[in-house]
Amino acid sequence: MKTQGQAPLWEALLNYRRQRLNSWHTPGHKDGAYTWPSWQQVLGEETLGLDLTEVPGLDSLAYPCGAIKAAQEKAAAFYGAARTFFLVNGASSGLMAVILATCRPGDEVILPRYAHRSVFNGLILSGARPVYMETEWLSSPAIPLGVPPAVLARTLKAHPRARLLLLVHPTYEGIVPHSRELITLAHDYGLAVLVDAAHGAHFGLDPLLPPSPLDLGGDYVVQSTHKTMGALTQAAMLHLRHAGEGDTIAAALNLLQTTSPSYLLLASLDVARLLAEERGRRDWGRAVAGALRLREKLVAAGIPCLGPADVMSPAAAGLDVTRLLLPAEPFGACGPEVAGFLRRAGQEIELAVPDYILLIINPGDGEAKIESLLEALLALRRGSGLLPAASGERGGAWPGPWPVYPRQVLTPREAWLAPRREIPLKEAEGRICAELIAPCPPGLALAVPGEALEGEVVARLLSLRGPDGKVLVVDG
């Protein structure tokens, strides 16, 4: 498409800053004049001077009619949305807002069990009831592949009153389901589709990347622009396929988002869109090529990477090749130990769990940087310099697929609002869970408010929290 060539909010910030007006308003650091000296020195006067509030000319996130409105409209035009909202409370706020806006107490939301914890928070806020679809899992490592369209079809027939389908496109590991077929099925049954595309803001920018779920028909698509597209941490977008629902979504967002949004976060979304618009296809073509070369070199050295062919199935349609999942076994160590070695070699990774590590490549990773990662991995493969993991190494693991999902007794909202108390896990058998237990990353829900704590559920929680662990339960 033709470039729009502008970043309205970023330009408004710069224009305001050039006036050098004396500040008699928030924020209290007064353009950096009143803050810790080292903080001021590192961030600099210009950065702190751009940390502004709702002054004339900078618009309001809650009721945009100027620079923010123009920036959101340009984002919508680029991504192919009818309307786009900037989010400063992360993708989580977008997911919760859509559920809150579209569902009422007792309404059913169809979703995979591996949905992000914010989805369950949305169920708590709205009073909706979850309906879980059977998920296919990869055997090794144990990660979710997705939900086959046939499973969704059965679920839709069994739950004719469901209002919303939640899809994850992609998973934390970069796997995408057969989203086009799933979305079409949901629409045939009259459901709206909310797509958690938090890790896929770059999709569609190269032919070898998965498609954007907006292009596949998703009604609401949430992207964490900060995860791969260069925006500041916490900055995200919510795209709508139909503009007519925008006011209802805006009202829900105003319930959830701060009334003091960071203009640095907002402007970072504006310039991230401009960067993607003007250079995205070229930059992501280079990133994909770099990731594929790295994959080839690792495989040649006996270090396998999870690839598209490994995940193709009735549940999974493809994989983001810029996400590298490397099994820990070829290194003769567990994932946290591999991560510890890499950290000492100057490489910090995205995730380390006992069976594997996960790394993310994007256009900010040049050839020299990728080569330094390769050298560190090859050195570890040769057994050079491996040391025991330092205490506190980041870990966690998918617990593997549920043989049977926990029994729902109450809706998440009912359990959340009920009287509760903390008890030892050893005494939790038969009680109703009153908290969301979803260690993040990667965020798989082990127990959801309103579910019975029985059998394997209690055993898994004990393995996570230890024999002295406790849990919040409904009191009574």
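Side chains are part of it too, since the values below use all heavy atoms of this structure and drop only hydrogens, waters and symmetry mates.
With sequence neighbours excluded, the residues satisfying side chain to side chain donor-acceptor pair (under 3.5 Å) with Asp247 are Arg83. Partners of Val474 according to the side-chain contact (heavy atoms from CB on, under 4.5 Å) rule, which considers only residues two or more places apart in sequence or in another chain, are Leu410, Ala415, Ala418, Ile432, Ala434. In terms of the salt bridge (charged side-chain N to carboxylate O under 4.0 Å, His left out) criterion, residue partners of Arg241 (sequence neighbours excluded) are, by chain and number, Asp219. Not counting sequence neighbours, the partners of Pro177 by the side-chain contact (heavy atoms from CB on, under 4.5 Å) test are His169, Ser179, Leu182. Residues meeting the ring-ring contact (aromatic ring centres under 6.0 Å, His included) test with His239, sequence neighbours left out: Tyr79. Every residue meeting the side-chain contact (heavy atoms from CB on, under 4.5 Å) condition with Leu255, not counting sequence neighbours, appears here in chain and number order: Leu100. In terms of the side-chain contact (heavy atoms from CB on, under 4.5 Å) criterion, residue partners of Pro112 (sequence neighbours excluded) are, by chain and number, Tyr114, Met133, Thr135, Val147, Leu166, Val168. Here Arg180 pairs with nothing under the side chain to side chain donor-acceptor pair (under 3.5 Å) rule; sequence neighbours left out. Residues satisfying the ring-ring contact (aromatic ring centres under 6.0 Å, His included) test with Phe85, not counting sequence neighbours, are none.
When atom types are taken as modelled, the side chain of Arg104 and the backbone of Gly127 share no donor-acceptor pair closer than 3.5 angstrom. Of the possible donor and acceptor atoms, one in the side chain of Asp59 sits under 3.5 Å from a partner among the backbone N and O of Ile68. Remark: side-chain polar atoms of Ser463 are paired, donor with acceptor, to backbone N or O of Arg460 under 3.5 angstrom. A side-chain donor-acceptor contact under 3.5 Å links Ser313 to the backbone of Val311. Side chain of Glu11 to backbone of Ala7: a donor-acceptor contact under 3.5 angstrom is found. A donor-acceptor pair is defined here as one N or O able to donate and one able to accept, closer than 3.5 Å; no such pair exists between the side chain of Asn254 and the backbone of Ala251. In this structure a side-chain-to-backbone donor-acceptor pair under 3.5 Å is missing from Gln72 to Lys69. At least one donor-acceptor pair closer than 3.5 Å links the side chain of Asp365 to the backbone N or O of Asn362. With His178 contributing its side chain and Ala316 its backbone, the two residues share a donor-acceptor pair below 3.5 Å.
Between Gln223 and Phe203, every side-chain heavy-atom pair lies at or beyond the 4.5 Å cut-off. Here the side chains of Lys470 and Arg465 are not in contact, with every heavy-atom distance at 4.5 Å or above. Leu342 has its side chain out of reach of Glu348: every pair of non-hydrogen atoms, C-beta onward, lies at least 4.5 Å apart. Using a 4.5 Å cut-off on side-chain heavy atoms (C-beta onward), Pro211 and Leu216 make contact. In this structure, Pro314 and Glu136 have side chains that are in contact, with non-hydrogen atoms separated by less than 4.5 Å. Under the 4.5 Å side-chain criterion, counting only non-hydrogen atoms from C-beta, Leu238 is not in contact with Phe86. Within the 4.5 Å cutoff, the side chain of Arg413 has no heavy atoms near those of the Ser126 side chain. Using a 4.5 Å heavy-atom cutoff, the side chains of Leu266 and Pro261 are in contact.
How far SG of Cys305 is from CG of Leu326: 5.0 Å, rounded to the nearest 0.5 Å. Here Asp355 contributes atom CG and Ser140 contributes atom OG; the two are 6.5 Å apart, rounded to the nearest 0.5 Å. Taking CG of Leu95 as the reference point, atom CG of Leu123 lies at 11.0 Å (rounded to 0.5 Å). Atom CG of Leu61 is separated from atom CG of Leu265 by 10.5 Å, given to the nearest 0.5 angstrom. Summarising the geometry, atom NE2 belonging to His116 is positioned 10.5 Å from atom CZ belonging to Phe120; distances are rounded to the nearest 0.5 Å. Annotation: the span from Leu111 atom CG to Leu194 atom CG amounts to 10.0 Å, rounded to 0.5 Å.
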Can you list the steps and then say if Leu351 with Tyr172 is a side-chain contact (heavy atoms from CB on, under 4.5 Å)? CA-CA 10 Å; Leu351 175 71; Tyr172 191 68; 3.3 Å; yes
After noting the C-alpha distance and the side-chain angles of Thr102 and Tyr220, does the key distance pass the side-chain contact (heavy atoms from CB on, under 4.5 Å) rule? CA-CA 11 Å; Thr102 59; Tyr220 314 95; 3.5 Å; yes
As a quick check of understanding, evaluate side-chain contact (heavy atoms from CB on, under 4.5 Å) for Leu464 and Leu446, giving each step before the final call. CA-CA 10 Å; Leu464 174 70; Leu446 300 180; 3.6 Å; yes
Given Asp320 and Val176, is the side-chain contact (heavy atoms from CB on, under 4.5 Å) satisfied, shown in steps? CA-CA 8 Å; Asp320 177 2; Val176 295; over 6 Å; no
Under the salt bridge (charged side-chain N to carboxylate O under 4.0 Å, His left out) rule, what do Asp475 and Arg420 come out as? Steps first, then yes or no, please. CA-CA 5 Å; Asp475 189 11; Arg420 62 177 67 185; over 6 Å; no
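A salt bridge between Glu134 and Arg154 is present, with a side-chain N of the basic residue lying under 4.0 Å from a carboxylate O of the acidic one.
A pairwise comparison of heavy atoms in Leu9 and Ala71 identifies CB-CB, 4.0 Å as the closest pair. Annotation for Pro327 and Pro304: closest pair CD-O, 3.2 Å, computed over non-hydrogen atoms. Across all their heavy atoms, Ile99 and Gly122 have their closest contact at CG2-O, 3.5 Å. Counting all heavy atoms, side chain and backbone alike, Ala67 lies closest to Ala12 at CB-CB, 3.9 Å. Looking at every heavy atom in both residues, Leu145 comes nearest to Ile175 through O-CG2, 3.4 Å. The nearest pair of heavy atoms linking Leu319 to Gly307 is CD2-C, 3.5 Å.
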Indicate every side-chain donor-acceptor pair of residues 227-234 with a distance under 3.5 Å to a residue at least two apart or in another chain.
unit_1 : atom_1 : unit_2 : atom_2 : d
Lys227 : NZ     : Ser224 : OG     : 3.2
Thr228 : OG1    : His202 : ND1    : 3.1
Gln234 : NE2    : Val88  : O      : 2.7

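If you check the side chains of Tyr356 and Glu173, you find a donor sitting under 3.5 Å from an acceptor. Judged purely by distance below 3.5 Å, without hydrogens or angles, the side chains of Tyr263 and Glu54 never pair a donor atom with an acceptor atom.
Annotation for Trp284: atom CH2 counts as buried by contact number, over 12 foreign heavy atoms lying within 6.0 Å.
Residue pairs meeting the salt bridge (Lys or Arg N to Asp or Glu O under 4.0 Å) criterion with at least one partner in residues 106-131, sequence neighbours excluded, are Asp107-Arg163, Arg113-Glu451. Within the structure, the salt bridge (Lys or Arg N to Asp or Glu O under 4.0 Å) test picks out the following pairs touching residues 256-271 (sequence neighbours left out): Asp270-Arg273.
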